[in-house]
Each structure stands twice: as C-alpha cells, then as structure tokens.
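For the numbers below, each heavy atom of this structure counts, side chains included, while hydrogens, waters and symmetry mates do not.
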Amino acid sequence: HSGPTEVKFLIRAIRLLREGGVLVAIVPGSIVSAQSTSWLRSALFSNGHVRLVHQLPRGIFPKTETECYILVYEKAPGRVVRLLNHDLLNPEFLRIHVKNLDDEFRLDFGRVYAMHQLEKLKALTPQLEWMRLDQIADVVRGRAKTPFRRKRAIHTTNFKDGVWLELP
C-alpha cells in the first residue's frame, strides 16, 4: 500500500484487533485533523469508535515539531468521543457525539471547542449577520510577506494578549 507510514500502521493495527479490542496509539496531528485523512477517521467510526483523543504538549518528543496525540480506539460500537486538550495534569475535555463532528471528522480539541463556542455565540446573537472571514477579506497564511501592495494585511502575529496591535 502507498501512503504515509502512520496511516498504514493504524490500518494494520486495527485489522489485527479482535472484536471489542482496544488500541492505544500515539499518532501525529495528521491522523487527527488533516483533510487528507478524513477518509481514515470516517472509516474508524464505521468499524468501531474512537473513545478518546488527548493532545500532547508541544515538544513532548525531542526533535519533533509535529502535534502528537494519544488516540484510544475500540473495535466495538460507540458514538461518543472524549477530546482532551494538551494539559496532562488537569485537561479540559469535551464529550461529543459523532453526529456533531464536522464533515471531515476532525478530532482536535482546539478546533472542536472553537466551533462549539462559535455555535453558542451565534445562538446568543441572532441579530448579527455572521459570515466567514474569507467571504469579506483575503486570508493569507504563513510566514510569507503580504502579496498585496499598498494594502494592509492582518496576521496572527498582530494579535497579542487578546488585543489586535496597530498595523504599520
């Protein structure tokens, strides 16, 4: 099979599980949230269920820059996933029903928490017209300089301590 090693590992490990068996694996962020592996997360839920996804603190493994997660999978029916943030001693957690996940079955705590908070905010402010930022502005990502001349661009580095800094 072609594809990333971590995907092949996870597929093989799950195939080896007996019915009712549990797999505990440390996986990279691509397994939990990448668009390219949404098919894999969908398959996980159709052949069993992901019981828990716990984000590990950045830098927990020396010489790696990728986000890492503990993933607990059970080859048995189930529909509720427990997502935990990166705090190992006292993590925040969400219990979410699979039907409430997005179309990509993203399982990263930060994304699911943010989307949940956004939906609550929308419900509290029905008088506001909500729209995606990319519908009203060009969104540029990464370290590249803005491609727009004589226009100002807002970058995530302009946001510190809860405040947008003045642009140059």
Enclosure of His86 NE2 (heavy-atom neighbours >12, cutoff 6.0 Å): no
Enter the distance from Asp108:CG to Gln55:CD here, rounded to the nearest 0.5 Å. 7.5 Å
Please report the shortest heavy-atom distance between Val50 and Phe45, naming the atom on each side. N-CE2, 3.7 Å
Between Ile26 and Val24, is there a shared hydrophobic cluster once you connect ILVMFWY residues whose side-chain heavy atoms come closer than 4.5 Å? yes
If I take atom OG1 from residue Thr37 and atom CD from residue Glu6, how far apart are they, to the nearest 0.5 angstrom? 8.5 Å
Is Leu17 linked to Val7 within one hydrophobic cluster, defined over Ile, Leu, Val, Met, Phe, Trp and Tyr using a side-chain heavy-atom separation of less than 4.5 Å? yes
Joint cluster assignment, Phe105 & Leu84, ILVMFWY side-chain distance < 4.5 Å: no
A side-chain contact here means heavy atoms from C-beta on lying under 4.5 Å apart; do Leu118 and Trp130 qualify? yes
Can you see which heavy atom on Ile70 is nearest to which on Leu56, and at what distance? CD1-CD2, 3.7 Å
Does Ile11 reach the side chain of Leu40, with side-chain heavy atoms less than 4.5 Å apart? yes
Can a donor-acceptor pair be found, under 3.5 Å and without considering hydrogens, that links the side chain of Ser38 to the backbone of Gln35? yes
If you look at every heavy atom in His54 and Asp87, which pair is closest and at what distance? NE2-O, 3.4 Å
Quick check against the 3.5 Å criterion: does Arg41 have a side-chain atom that pairs as donor or acceptor with the backbone of Ile31? yes
Testing the basics here: between Ile14 and Lys75, what is the closest heavy-atom pair and its distance to 0.1 Å? O-NZ, 3.1 Å
Linking I/L/V/M/F/W/Y whenever their side-chain heavy atoms sit closer than 4.5 Å, directly or via other members, would Val98 and Val72 fall into one cluster? no
Residues that Phe93 engages under ring pair (Phe, Tyr, Trp, His ring centres under 6.0 Å), provided they are two or more places apart: none
Walk me through whether Ile60 and Leu88 qualify under side chain to side chain contact (heavy atoms under 4.5 Å, CB included). CA-CA 11 Å; Ile60 196 161; Leu88 295 178; 4.1 Å; yes
Is the number of heavy atoms from other residues, nucleotides or ligands under 6.0 Å of Gln127 CD greater than 12? yes
In the structure I gave you, are the side-chain heavy atoms of Ser33 and Leu107 within less than 4.5 Å of one another anywhere? no
Report yes or no: do Leu101 and Trp39 belong to one cluster of Ile/Leu/Val/Met/Phe/Trp/Tyr joined by side chain heavy-atom distances under 4.5 Å? yes
Side chain to side chain contact (heavy atoms under 4.5 Å, CB included) for Arg51 and Tyr73? Distances and angles first, verdict last. CA-CA 6 Å; Arg51 288 174 39 182; Tyr73 175 83; over 6 Å; no
Testing the basics here: between Glu74 and Val22, what is the closest heavy-atom pair and its distance to 0.1 Å? CG-CG2, 4.0 Å
Would you say Asp102 has more than 12 foreign heavy atoms packed within less than 6.0 Å of its CG? yes
Before giving the answer on side chain to side chain contact (heavy atoms under 4.5 Å, CB included), spell out for Arg106 and Met115 the whole-Å C-alpha distance, their side-chain angles and the decisive distance to 0.1 Å. CA-CA 11 Å; Arg106 286 192 54 166; Met115 297 308 288; over 6 Å; no
Keeping to residues at least two apart or across chains, list the salt bridge (charged side-chain N to carboxylate O under 4.0 Å, His left out) pairs with something in residues 54-64. Arg58-Glu67
Nearest 0.5 Å please: distance from the CG atom of Leu71 over to the CG atom of Leu10. 6.5 Å
Between Asn100 and Ile96, is there a donor-acceptor pair closer than 3.5 Å when you use the side chain of the first and the backbone of the second? no
Distance col, row Arg15:CZ vs Arg12:CZ, nearest 0.5 angstrom, shows 8.0 Å
Stepwise, does the side chain to side chain contact (heavy atoms under 4.5 Å, CB included) test hold for Val81 with Leu52? CA-CA 6 Å; Val81 184; Leu52 179 128; over 6 Å; no
Scanning both residues in full, the closest heavy-atom pair of Gly29 with Thr66 reads N-OG1, 4.0 Å
